[in-house]
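Everything on this sheet refers to the single structure shown next.
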Amino acid sequence: MNTTTPNPRVGCVLVAPDGTLVGEGWHERAGGPHAEIGALHQAGNRARGATAVVTLEPCAHHGKTPPCADALIAAGVTRVVYGMRDPNPLVAGKGLAKLAAAGIEVVGPVLEAECRALNPGFIRRMTAHRPAFFLKTAATLDGRIALANGMSRWITGEAARRDVHRWRARCCAVLTGIGTVLADDPLLTVRHRPALRQPIRIVLDSHLRIPENAQLVRDHHAPTWVITTDAANPEKIARLTQMGCTVHCLPTTVDGRIDLHALARWLAEQSLNEVLVEAGATLASAFLKNSLVDRWLHYLAPKAFGGDAYPLFPAWELTAVAAAPKWRIDRVRRLGDDLSLELVEPGNDCDEPHRAAP
């Protein structure tokens with residue numbers, strides 16, 4: 001499910017009139033056959049008269065592959081049950097209309113919430129012109145992320161840390177800030193589990209402070225994008241580019257920081273569906289305050305660091321309890337001695353319920 005970007009994750013089965021499963025398929029890789037084509041290929045002549053059950057409306061446009069609606073019609077399928085309409089404006093009901101016009105019975109949406117849960121990033125990109133952002137944080141019971149001397153390894157145990165790599169493997173990109181790069185020199189690749197592809201590593205670096213000997217620059221197992229606002233250092237941009245990085249300049253906010261909404265729009269233009277944010281307190285807080293977090297992944301360790309330790313977020317200067325951002329706990333798991341909490345904002349139906357988590 002981690003290799004379809006920029007396309008959605010889709011599954012399809014073909015069922016004969018007697019209830020026999022005659023074909024199944026799923027979209028495995030962008031540019032490859034869609035789910036319906038895989039199921040039709042497996043079914044062969046048994047597809048005639050069958051019912052196609054597909055999680056997403058069959059496409060009706062020519063992209064890298066021909067329209068799936070046309071393939072279903074040509075195969076003689078008599079009924080199509082779909083999970084959700086395609087939010088892509090190129091489809092958006094056209095596939096269903098084409099099937100109905102061909103005399104095929106069309107039924108749906110069916111189990112729509114579960115089908116939406118497969119593609120929060122694709123849905124968000126098509127409807128809001130930005131990726132889905134998953135924010136990862138880890139803290140002690142008293143909400144601390146590092147000791148007063150800056151030490152933070154390790155707040156959580158091995159099981160929780162491995163779980164983070166599961167999310168990295170799912171996402172198109174992992175995003176962090178220059179503060180984290182300077183403090184920890186992270187690699188931000190998928191380790192401890194098989195990965196068919198590594199996520200793009202994105203660093204927000206307003207003043208182009210990234211060291212040229214940083215692991216993110218020297219390591220070439222995954223692409224590294226440096227997002228900056230400082231175009232006045234062409235020599236360093238040239239060196240970073242020569243070392244394999246992609247450097248892109250974006251607008252700033254009034255305080256000189258990278259405009260996160262402009263960033264979100266640009267990432268959507270790069271066809272990224274899901275982005276995991278692994279950042280320090282300031283950047284993580286900024287994503288929350290800008291309402292850009294679709295799912296908050298919080299790992300809670302049964303430890304306490306005390307009041308002189310670094311807090312999870314900087315001061316928000318709230319003056320009323322009612323003004324605090326509200327979140328709903330959607331999923332709780334125990335990982336070794338730690339807890340994993342997955343939270344969504346009330347009303348965020350982009351990926352609820354999230355039982356399709358990696």
Side-chain angles (χ1 to χ4, degrees), residues 5-6 129-131 133-137 145-146 150-153 164-165 168 171-191 195 197-290 292-293 310 313-314:
T5 298
H129 310 293
R130 69 166 178 84
F133 290 104
F134 303 149
L135 173 65
K136 172 260 174 178
T137 58
I145 61 173
M151 291 185 61
S152 61
R153 294 185 178 179
V164 175
H165 287 262
R168 287 183 185 175
C171 290
C172 309
V174 179
L175 184 149
T176 194
I178 185 59
T180 298
V181 174
L182 295 175
D184 300 334
D185 192 21
L187 195 55
L188 297 182
T189 54
V190 179
R191 304 181 298 280
R197 60 102 174 94
Q198 290 286 347
I200 298 164
R201 300 168 301 190
I202 302 171
V203 182
L204 303 193
D205 184 5
S206 297
H207 302 294
L208 214 58
R209 294 186 292 154
I210 188 168
E212 292 171 36
N213 64 348
Q215 289 196 94
L216 293 176
V217 176
R218 293 184 292 105
D219 176 79
H220 296 119
H221 287 94
T224 296
W225 295 357
V226 180
I227 311 300
T228 187
T229 61
D230 184 3
N233 192 344
E235 293 84 4
K236 186 167 185 179
I237 290 176
R239 291 196 302 273
L240 290 171
T241 302
Q242 187 175 17
M243 296 177 74
C245 297
T246 296
V247 182
H248 187 79
C249 296
L250 283 177
T252 62
T253 58
V254 292
D255 61 358
R257 298 183 185 275
I258 291 168
D259 185 325
L260 294 185
H261 291 282
L263 170 70
R265 290 190 297 271
W266 184 78
L267 293 177
E269 291 169 0
Q270 310 314 304
S271 298
L272 300 190
N273 286 339
E274 297 172 356
V275 176
L276 179 63
V277 179
E278 292 190 50
T282 301
L283 185 54
S285 174
F287 268 89
L288 285 171
K289 292 175 73 174
N290 279 274
L292 286 172
V293 176
Y310 287 89
F313 298 128

Inset, instruction - Starting from the C-alpha separation in whole Å, work towards a yes-or-no answer on side-chain contact (heavy atoms from CB on, under 4.5 Å) for Leu260 and Thr253. - result: CA-CA 9 Å; Leu260 294 185; Thr253 58; over 6 Å; no
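- Checking side-chain atoms of Arg130 against main-chain N and O of Leu267 turns up no donor-acceptor pair under 3.5 Å.
- Annotation: the span from Thr228 atom OG1 to Lys236 atom NZ amounts to 9.0 Å, rounded to 0.5 Å.
- Nearest approach of Thr176 to Leu283, heavy atoms of both residues: C-CD2, 3.8 Å.
- The one candidate from Val174, Leu292, Leu175 that meets the side-chain contact (heavy atoms from CB on, under 4.5 Å) condition with Val275 is Leu175.
- Counting all heavy atoms, side chain and backbone alike, Thr229 lies closest to Pro251 at CG2-O, 4.2 Å.
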Inset, instruction - Would you sort out whether Asp184 and Arg153 count as a side-chain contact (heavy atoms from CB on, under 4.5 Å), showing the intermediate values? - result: CA-CA 10 Å; Asp184 300 334; Arg153 294 185 178 179; 3.9 Å; yes
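- Minimum interatomic distance between Cys171 and Pro199 (heavy atoms only, all atoms of both residues): O-CB, 3.6 Å.
- The distance from the NE2 atom of His165 to the CG atom of Leu188 is 9.0 Å, given to the nearest 0.5 Å.
- Between the side chain of Ser206 and the main chain of Arg257, no donor-acceptor pair closer than 3.5 Å is present.
- Within a 6.0 Å radius of CE in Met243, more than 12 heavy atoms belonging to other residues, nucleotides or ligands are found.
- In this structure, Asn233 CG and Arg239 CZ are separated by 6.5 Å, a value rounded to the nearest 0.5 Å.
- Contact of the Cys245 side chain with the Val217 side chain is registered, since non-hydrogen atoms from C-beta on lie closer than 4.5 Å.
- Distance alone, capped at 3.5 Å, is enough to place a donor-acceptor pair between the Gln215 side chain and the Asp185 backbone.
- Side-chain contact between Thr180 and Glu278 is absent, with no heavy atoms from C-beta onward closer than 4.5 Å.
- Note that CG of Leu263 is 5.5 Å distant from CZ of Phe287, once rounded to the nearest 0.5 Å.
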Legend entry - Chi angles and distances behind the side-chain contact (heavy atoms from CB on, under 4.5 Å) call for Ile202, Leu272: CA-CA 12 Å; Ile202 302 171; Leu272 300 190; 4.2 Å; yes
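- Between the side chains of Arg201 and Thr224, a donor-acceptor pair is found at a separation under 3.5 Å.
- No donor-acceptor distance shorter than 3.5 angstrom exists from the side chain of Asp259 to the backbone of Leu250, with no hydrogens or angles considered.
- Taking a 6.0 Å sphere around NE2 of His248, one finds it holds more than 12 heavy atoms contributed by other residues, nucleotides or ligands.
- For Gln198 (side chain) and Val190 (main-chain N/O), a donor-acceptor pair under 3.5 Å exists by modelled atom type.
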Inset, instruction - Decide yes or no on side-chain contact (heavy atoms from CB on, under 4.5 Å) for Leu276 and Lys136, but give the supporting numbers first. - result: CA-CA 7 Å; Leu276 179 63; Lys136 172 260 174 178; 4.0 Å; yes
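- Nearest heavy atom pair, residue Ala279 against residue Gly177, reads CB-N, 4.3 Å.
- Distance check, rounded to the nearest 0.5 Å: CD1 of Ile227 to CH2 of Trp225 gives 7.5 Å.
- To the nearest 0.5 Å, atoms OG (Ser285) and CG (Leu135) are separated by 9.5 Å.
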